[in-house]
Amino acid sequence: MVGVVNLKCDKELVGSLQKEHGIFKAYHMKKENWVTVGLDGIVSDEKLKSLVRMSYYLTSGK
């Protein structure tokens, strides 16, 4: 069993992100705006932090 997190991303980045190991089409989310990231260590901490920041920015009230 592996933990995952769904993160909102810039639409233009979703396709290229899904080509990276550990990043998948979003599970139960709008696929063109979201990705699912495995939390098993394949995605680096820096990459994960960057994606979390982007997701927070895109989902927080402006």
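The first residue of the sequence shown is numbered 1, and numbering continues consecutively from there. Heavy-atom basis, side chains included; hydrogens, waters and symmetry copies ignored.
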Visitor: So V35 and Q18, do their side chains get closer than 4.5 Å, heavy atoms only?
Guide: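 SC-SC contact between Q18 and V35 confirmed.
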Visitor: Determine the minimum heavy-atom distance between K47 and I23, stating which atoms define it.
Guide: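 That closest heavy-atom pairing would be CE-CD1, 4.5 Å.
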Visitor: Could you state the interatomic distance from CG (L7) to CE (M29), rounded to the nearest 0.5 Å?
Guide: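 These two atoms lie 9.5 Å from each other.
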Visitor: What about V37 and F24, same hydrophobic cluster or not, with Ile/Leu/Val/Met/Phe/Trp/Tyr joined at side-chain heavy-atom distances under 4.5 Å?
Guide: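 Each belongs to a different hydrophobic cluster.
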Visitor: Any side-chain to backbone donor/acceptor pair from K11 onto N33? Under 3.5 Å, distance only.
Guide: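 No, K11 side chain to N33 backbone: no donor-acceptor pair under 3.5 Å.
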Visitor: Count I, L, V, M, F, W, Y as connected when their side-chain heavy atoms are under 4.5 Å apart, and connections chain through other members. Are W34 and L48 then in the same cluster?
Guide: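 Not linked; separate clusters.
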Visitor: If you take all heavy atoms of V43 and H21, which pair is closest and at what distance?
Guide: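 Answer, listing the atom of V43 first, then H21: CG2-O, 3.7 Å.
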Visitor: If you group Ile, Leu, Val, Met, Phe, Trp and Tyr by side-chain heavy-atom gaps below 4.5 Å, do Y56 and L58 land in one group?
Guide: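 As far as the 4.5 Å side-chain criterion goes, L58 and Y56 are not connected within one cluster.
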Visitor: Does a side-chain heavy-atom distance below 4.5 Å link L51 with V5?
Guide: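 L51 does not reach V5 side chain to side chain.
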Visitor: Taking atom CD1 of I42 and atom CD of E20, what is their separation to the nearest 0.5 Å?
Guide: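 Rounded to the nearest 0.5 Å, the CD1-CD separation comes to 12.0 Å.
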Visitor: When you compare the side chain of M54 with that of L13, does any pair of heavy atoms fall below 4.5 Å?
Guide: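 The answer is yes, as the side chains (C-beta and beyond) meet within the 4.5 Å cut-off.
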